[in-house]
There are 2 protein chains.
Amino acid sequence: MGLRERKKHRTRTALIDAAVDLFLAQGYEATTVDRIAAEVDVSTRTFFRYFASKEEAALSLLADQHEVFIAELAARPADEPPFTALTEAMRAVLGILRGLEPAEATRFLRLQELIQATPALLAGQLRLMMDNERQMVAEVSRRMGAGPDDLRAQFVVSLFASMGIVCYGGCQDPRLIVQRFEDLLDLAAASLRPGWDRLEPAATGTPETAAATVPRPSPAT
Amino acid sequence: MGLRERKKHRTRTALIDAAVDLFLAQGYEATTVDRIAAEVDVSTRTFFRYFASKEEAALSLLADQHEVFIAELAARPADEPPFTALTEAMRAVLGILRGLEPAEATRFLRLQELIQATPALLAGQLRLMMDNERQMVAEVSRRMGAGPDDLRAQFVVSLFASMGIVCYGGCQDPRLIVQRFEDLLDLAAASLRPGWDRLEPAATGTPETAAATVPRPSPAT
DNA sequence: TTGTCATCTGTCATCGACTGACATAAATTA
DNA sequence: TAATTTATGTCAGTCGATGACAGATGACAA
């Protein structure tokens, strides 16, 4: 790797570090891009050559995590049921979080709190998750041997993703995220039929299964 | 209602109309607030007295719909299972959409497309949905006779909400939203155990139900 | 009707996020 | 070292958003 690239990588890392530190210290809105750039001793214009927006810098750590997740998912054995693969990929990511140095882990969790508490960042995080979901759907579809936008795949993924959101969202104490995730898995296991994530397309709408809980239309208002 | 309030309401409506029309005609980013305000013949400053941001104006129709949804949900019979209540409330909202004049319905659906295609608006919509979910969780918790942040309630709601996102998100032809929703319901009915949304807290983690699909930990990486 | 009061609105000044254009400096390659 | 590519800084400018002040307008009581 040439000097040029190394330098760029260093600048980028320094910008993210400075940004996160400042955000944690004085809040996201209260921190100007000028201030971040000054901290790293580059011009404001340069900041925007590295990040499309202030938000992108704030969420880049999260974006990295998402990439790791996608990689872990792709690495799961092909014969694993989709939901299991998603779950194990998530456990792997959480495991990495555990393996971090305490200081760094704390910083990451504090950043999570800040995101939850900052509307603009929360919105950005949700959009990021949605982008991620698209990739998950692609992978799950592939595993199911279905077309790229299979509804069953979207169902599995969005069910899983919503668990993730509940996990991160309502947590007062970030150290409980892992516990909460496992609780939600138990809940899912108790709620879902065995093999639900391997349904044949034909199974959809079968009389004996459908309408078990949800009665049909009732010609609404 | 006094003249003052009527006038305010008229201005607000005019601003939303002008904003939506311009957004649809030339795109969200390409439309300045100045332009919207000029269209309604008020100052830019006044625009920001009605809406906290350009985004808020763009999403206000959606926000209204969410309010309707919450109201419909609250109006469902108390003995209805939570997921059924959510489903019927959704059907009611979709029914209202159907009852609209064709021109207005088209406009609304085109707005949906625009939101999906505009990152900033998509992010805003997702945040809006999350706010809404909080209210749904509160209502579902109440129905379950549980505490305000019950995990089961969050699970039910987020499962339902993720269906809504899939519904609106991946739709090429917006007129298929209703069909898609019903398909997803079938899928849910086929995937979930009867009575899953009425689980007793104690049921969580019961050996016979848990671990049916998802094997336990496997001490991850 | 009139005068007082609360409220709405426009104008102005300002900040901060973000972008295009151009010049300069640094790294890469020949 | 010379030539080329690429990253950075400077500058000017747009647009979203906010505070402050002053003038206009509807609400209400005497």
Side-chain angles (χ1 to χ4, degrees), chain A residues 1-20 22-23 25-60 114-115 118-125 127-128, chain B residues 1-16 18-20 22-23 25-60 63 114-115 118-125 127-128:
Chain A
M1 196 197 295
L3 169 58
R4 202 163 227 159
E5 283 208 59
R6 255 180 297 142
K7 225 172 178 177
K8 260 172 61 177
H9 185 268
R10 236 186 308 142
T11 307
R12 185 184 156 83
T13 305
L15 281 172
I16 294 173
D17 278 348
V20 170
L22 286 168
F23 292 158
Q26 24 169 158
Y28 175 73
E29 314 283 4
T31 305
T32 68
V33 174
D34 281 354
R35 182 79 178 72
I36 301 170
E39 197 76 14
V40 184
D41 215 62
V42 297
S43 73
T44 306
R45 193 67 181 85
T46 294
F47 176 94
F48 284 110
R49 289 206 177 90
Y50 282 88
F51 306 100
S53 63
K54 190 167 99 168
E55 184 189 295
E56 189 179 303
L59 297 177
S60 75
L114 180 69
I115 292 170
T118 309
L121 291 182
L122 182 54
Q125 188 197 24
R127 186 170 45 75
L128 212 59
Chain B
M1 199 196 295
L3 169 57
R4 200 163 226 159
E5 284 208 58
R6 257 180 296 142
K7 222 170 179 178
K8 260 171 60 177
H9 186 266
R10 237 186 307 142
T11 306
R12 185 185 157 83
T13 304
L15 281 172
I16 294 174
V20 170
L22 286 168
F23 292 158
Q26 23 167 171
Y28 175 74
E29 314 283 3
T31 305
T32 67
V33 173
D34 281 354
R35 181 81 180 72
I36 301 170
E39 198 76 13
V40 184
D41 215 62
V42 297
S43 73
T44 306
R45 193 65 182 86
T46 294
F47 176 94
F48 285 109
R49 289 207 177 90
Y50 281 87
F51 306 100
S53 63
K54 191 167 99 167
E55 184 189 297
E56 188 178 306
L59 298 176
S60 76
L114 181 69
I115 292 170
T118 309
L121 291 182
L122 181 55
Q125 187 197 26
R127 187 170 44 75
L128 211 58

Whole Å only: how far is the [atom1] atom of [X] from the [atom2] atom of [N]?
X	N	atom1	atom2	result
F48(A)	dA21(C)	CZ	C1'	17 Å
L15(A)	dT8(D)	CG	C1'	12 Å
L3(A)	dT6(D)	CG	P	15 Å
E29(A)	dG16(C)	CD	P	12 Å
D41(B)	dA24(D)	CG	C1'	15 Å
E55(A)	dG16(D)	CD	P	17 Å
L121(B)	dG16(D)	CG	P	13 Å
K54(A)	dG16(C)	NZ	C1'	8 Å

Base [N] paired with [X] side chain (donor-acceptor, <3.5 Å):
X	N	answer
R35(A)	dG16(C)	no
R45(B)	dT9(C)	no
R4(B)	dT7(C)	yes

Closest contact, heavy atoms only, T11(B) versus V42(B):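 The pair with the smallest heavy-atom distance is CG2-CG1, 4.3 Å.
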
Closest heavy-atom pair and its distance - V40(B), A18(B):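 Heavy-atom minimum between the residues: CG2-CB, 3.7 Å.
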
Main-chain N/O of L121(A) paired to T118(A) side chain as donor or acceptor, under 3.5 Å: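 Checked: no pair found.
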
Closest-nucleotide ordering on DNA chain D, the 5'-leading residue of E5(B) and A52(B):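 Its nucleotide being nearer the 5' end, the pick is A52(B).
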
Most 5' of K8(A) and T32(B) on DNA chain D, judged by nearest nucleotide: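 This one resolves to K8(A).
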
Atom pair CD1 (I115(A)) and CG (L122(A)), whose distance is rounded to the nearest 0.5 Å: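 With rounding to 0.5 Å, CD1 (I115(A)) is 8.5 Å from CG (L122(A)).
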
Residue pairs fulfilling side chain to side chain donor-acceptor pair (under 3.5 Å) with at least one residue in residues 47-58 of chain B, sequence neighbours excluded: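 As it turns out, the side chain to side chain donor-acceptor pair (under 3.5 Å) pairs with a partner in residues 47-58 of chain B, which skip direct neighbours, are E55(B)-R127(B).
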
Is the shortest side-chain N/O distance from [X] to OP1 or OP2 of [N] below 4.0 Å?
X	N	answer
Y50(B)	dC8(C)	no
K7(B)	dG26(D)	yes
S43(B)	dT9(C)	no

R49(A) vs Y28(A), nearer the 5' end of DNA chain C by closest nucleotide: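 Residue closer to the 5' terminus by nearest nucleotide: Y28(A).
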
Touch class at under 4.0 angstrom, heavy-atom based, for S53(B) against every strand present: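 Touches sugar-phosphate only.
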
